Amino acid sequence: MTRLALLALAVTLASPAAQAQRQSTTDLTCPQAQGIVARAGGIVLGTGGPTYDRFVRDRNFCAPTEYTRAAYAPTRTDPRCFIGYTCFEPGRGDWFGDY
């Protein structure tokens with residue numbers, strides 16, 4: 001049984017999905033990044049170096065208790081490109097309309 005588990009682990013680690021790197025906004029133009037978010041609805045993109053964030057097209061891609069906030073990320077053509085939104089959970093200090 002352990003041989004089967006080791007074989008499954010080896011196959012998983014060798015798969016292209018395990019080796020795929022996260023797409024980064026810094027490698028894209030502003031319209032390309034906007035298009036990726038618009039098509040995917042919700043996607044995790046790198047934002048330069050080891051940083052990343054999850055961007056969404058609209059609130060439908062957030063949890064029911066979350067709201068959206070405009071999201072800007074650096075791209076190849078614009079250091080502050082609006083590419084969609086991020087989801088966030090409002091806290092006690094947040095007032096309706098502040099976000």
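Positions are given from 1 along the sequence. Computed from a prediction, not measured in an experiment: that's the story for all the values here.
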Exercise. Is there a path from Phe82 to Tyr52 through hydrophobic residues (I, L, V, M, F, W, Y) whose side chains come within less than 4.5 Å of each other?
Worked result: no
Residues 70-93 vs side chain to side chain donor-acceptor pair (under 3.5 Å), sequence neighbours excluded, gives Thr65-Glu89
Closest non-hydrogen contact found for Tyr67 with Pro90 is CD1-CG, 3.2 Å
Disulfide (SG to SG under 2.5 Å) pairs touching residues 23-74, sequence neighbours excluded, are Cys30-Cys81, Cys62-Cys87
Tracing side-chain contacts under 4.5 Å among Ile, Leu, Val, Met, Phe, Trp and Tyr outward from Ile36 reaches Leu28, Val37, Ile43, Leu45, Phe55, Ile83
Applied to residues 25-50, the side chain to side chain donor-acceptor pair (under 3.5 Å) test, sequence neighbours excluded, yields Ser24-Thr26, Thr29-Gln32, Thr47-Thr51
